[in-house]
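Right, one structure below, let's go through it.
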Protein chains: 2
Amino acid sequence: MGNVMDESRANLSKLFTPESIAIVGVSGKGFQFGGSSYLSRLLECGFKGRLYAINPRIEKVLGQKAYPTLEALPEVPDMAIICLAAKFVPDVLESCGRIGLRHIHILSSGFKETGSREGEELEARVTDISKRHGLLVIGPNCMGPYCSASRMTPFGASPGMRGPLGIISQSGGIAQRMTEYACSLNIGVEKAVSLGNAAVLDCCDLLKHMADDEKIKVIGMYLESVKDGRTLLELAKEVNREKPVIMLKGGDSDVGEKMAASHTGAISGGRKSWNAFFRQTGVTRVRSMTEWMDAIVAFSLLPAPAGKGVFIGCAGGGISVIAGDILMAEGLDVPALSETTMDGLRSIVPAVGSIVGNPLDSFEMSLNAHRFMEVLELVLEDPACSMILIDRLIPRNIYHLPDVEDTTDAVIDFVRTRSDRKPTVFSADYDGGGTDLALKGTEMRARFCQAGIPLYPSVKRAARSLMHLYRYHSFRQSAVV
Amino acid sequence: MGNVMDESRANLSKLFTPESIAIVGVSGKGFQFGGSSYLSRLLECGFKGRLYAINPRIEKVLGQKAYPTLEALPEVPDMAIICLAAKFVPDVLESCGRIGLRHIHILSSGFKETGSREGEELEARVTDISKRHGLLVIGPNCMGPYCSASRMTPFGASPGMRGPLGIISQSGGIAQRMTEYACSLNIGVEKAVSLGNAAVLDCCDLLKHMADDEKIKVIGMYLESVKDGRTLLELAKEVNREKPVIMLKGGDSDVGEKMAASHTGAISGGRKSWNAFFRQTGVTRVRSMTEWMDAIVAFSLLPAPAGKGVFIGCAGGGISVIAGDILMAEGLDVPALSETTMDGLRSIVPAVGSIVGNPLDSFEMSLNAHRFMEVLELVLEDPACSMILIDRLIPRNIYHLPDVEDTTDAVIDFVRTRSDRKPTVFSADYDGGGTDLALKGTEMRARFCQAGIPLYPSVKRAARSLMHLYRYHSFRQSAVV
């Protein structure tokens, strides 16, 4: 898809798994964002291939020999990262074309996004030269590609953590935060790419590439604009049928749209067309970084639900009331339980201080791992419940409970062996609170994430994520039929 | 307001500042939720008055002498907490009436909320006896009153932290979580009350009491039902004009409504009437614990905004685009800045890597305290901006920034001296991420909270809180005019 792709689809993978990279424009003067920080970061990450620094005015940089030009290198590298000022970029592209270096990431800014005629002209030259030489260019004005398998992870906090996620982002900052978030929640990022102005390769090219990568199971996208909306629509429809695409669309307001023009030179396009895009493709639409990451966690870890009925277990009456309200407000169902389930619950949940039903209000379920398992066994068998949400207590001294046993490990072990049956997630109501609670909650979340079980910091975030999951699978099923 | 209140308003304060409390039904057999846990908790809190344990079968409990009956006490205590099984409660109330003990908290459950005829009858007897003796009863089926000044804080994590907040909740669990959240964010709770079935005193009585308490500046309410909707409407309209009332209404869905009936015997009443209630009173409506606490932080710490124009400063282009979208989606404005502000910003923000405007995209503002102050001085003078939101970076090693100075203290000192001019809040985008980021973000949040400056874990939560603040003040102004 996309004109460049048609010619040379086979070669796009070298942008993610190059055996050698030339960094053009590595300053010799200590630290600077650009060539030197990229070189330093790739060394730190343990990039598996060969690295070449290009700078005619120095001999060595960061312990690496520096070469004066691309032509002076001992080989034609698989990829170049161009970090020079915008006005020098076209000449470097010509050099690349001459020596047959076709995979290029232009980090430099100063193009169309400036809004200046000079910037626009420079970007047009980038496009022309690339077409003439068949160059596969990511950028300009971007952080470029990221690939855990190559240990080429110049952005993101956890280099080399492989996993089910692919990220395509027009914004480098957002790509960076997303890789960081995902890895910190134990969702590995197989590949990511920050596209910037997307003067040559655009989101369609990269979406196709990630769709074809079998390691990638879930695709997260941040877009401000697209050149060819029709192509994206058709492609996204096709891809989303195979693997969930979850998109944050930037520039969805007058203010955001204007800002996007300054950011990546983007014309975001009519909001109505984007509404139609989401409706027709079934691509999951999110509105914030948090909602995006929450949905990605659900899609990465959970099986397809059979319906939208959720069983919700809480500790506390008011908390249960609000949880029911929130699930319903998100568009989910909180169905009545079967008579078998109700009888079973009545026999194990104490009559005083609990409310048997859905929601189930039971402190004991939260404090006693055995009771928790009994409840779950019942609910897993109940056909009314397609998904399970348990609001866990964070141990608080205010419950007057001396030495409450930590049931987390037992609960995790139990759920892990049954999580393929019905999507099962947890929440722990801590994101409203301050330091102590957030620390305890964060630690509990980390233990669940480490085991591959979603735990959200509020019922609302869990509910929203389950709703996205249900909607996606229900759309996919109806599209197939 | 309310029939009981009319007679004896002066005396309601003894429920919060009793000089002596009798706890009726303190088990001698080790730990149990109820009388013994209440006694133990009040001792731990350092309750300032005298405590009497009532149990005819023991001599001593938790180091305290036990008395056989209320009549055997050396004085008539200011308040009683009744923790016996429901069927014994009416007799104790009769005793209270006989000895002139009028302020009572019934902790026991087993009344109307059971749905049984027996429970209903018992509750009717509680109401009758209370009326006959003029008893001021909180409950049954609840955690009762909480007062920091008295160090009578049997629920909540931070006993005795006084402050601007009053909490009225039908649910004990929610009252408990809210006091804990508020204190952990450095918002002291002057008084709180869990009402349960509200058989005698109801939310109107308590709302009036808190409205009259000059120490309380902001009132948070959780309601599942109200007996006299008309009275609450008129009272809330009046109170909300003086101090903001922020309400989480439970039972706002079929499921929640049914659950509420089992929880506090509540008939939540038509959803339409509640919609009208919020429209007519201007009471701020929230839909989750997190949104509630976020709004309370804003109302407790920020002055009234002059309009709904927000200046938003971010670090990163995509982040700025999304922030603009989110603010607009919440119903706020992100206005163009004045020419003076724009000229000023252009002179201090570097041309490369930044976007001057609103949103302002500037890494430097986040990394350099001096630059931050220059930006804020300009924006504080700009009449287009009534509120200020700064999305702060959490120091991340992925920014390739060696040894970035921690500007938090300088930023806090600056904002603290100017926060009376325009509501100024921060966000730090960390609630999507995992452990490391959440720990750093939580620590940063704690430092801001400690200084009385709101910091939210996402732009969205900050934006929602500012919108609530703007709506409230704008409603109040239009109501006055």
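Lettering of chains follows the sequences in order, A, B, ..., and the numbering in each one begins at 1.
Across A:Arg461, A:Glu443, A:Glu291, the residue that shares the most heavy-atom pairs under 4.5 angstrom with chain B is A:Arg461. Counting heavy-atom pairs closer than 4.5 Å to chain A, the top residue among B:Leu185, B:Ile296, B:Leu248 is B:Leu185. Between chain A and the options B:Met293, B:Lys460, B:Met328, heavy-atom pairs under 4.5 Å are most frequent for B:Met328. Of the listed residues B:Gly317, B:Ala182, B:Ser288, the one with more heavy-atom pairs under 4.5 angstrom with chain A than any other is B:Gly317. When each of A:Gly318, A:Ser171, A:Gly324 is scored by its heavy-atom pairs under 4.5 Å with chain B, the top score falls to A:Gly318. With respect to chain B, the highest number of heavy-atom pairs below 4.5 Å among A:Ala446, A:Pro359, A:Gly316 belongs to A:Pro359.
Remark: side-chain polar atoms of A:Asp325 are not paired, donor with acceptor, to backbone N or O of B:Gly250 under 3.5 angstrom.
Residues meeting the side-chain hydrogen bond (donor to acceptor under 3.5 Å, both in side chains) test with B:Asp361, sequence neighbours left out: none. Judged as a side-chain hydrogen bond (donor to acceptor under 3.5 Å, both in side chains), and not counting sequence neighbours, A:Ser108 has no contacts.
Side chains of B:Gln170 and B:Ser225: a donor-acceptor N/O pair is present below 3.5 angstrom, by distance only.
Summarising the geometry of B:Asn186 relative to B:Gln450, their closest heavy-atom pair is ND2-O, 3.3 Å, with the distance given to 0.1 Å.
With a threshold of 4.5 angstrom between heavy atoms, B:Ser320 approaches chain A through its backbone and through its side chain. Interface remark: B:Arg287 contributes backbone atoms only to the contact with chain A (heavy atom separation under 4.5 Å). Using a 4.5 Å cut-off between heavy atoms, B:Ile319 contacts chain A through both its backbone and its side chain.
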Apply the test salt bridge (Lys or Arg N to Asp or Glu O under 4.0 Å) to residues B:Glu44 and B:Arg41: give CA-CA distance (whole Å), side-chain angles for both, the deciding distance (0.1 Å), then the verdict. CA-CA 5 Å; B:Glu44 271 168 39; B:Arg41 185 75 185 141; 3.2 Å; yes
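Note that the OG1 atom of A:Thr442 and the OH atom of A:Tyr430 stand 4.0 Å from one another [nearest 0.5 Å].
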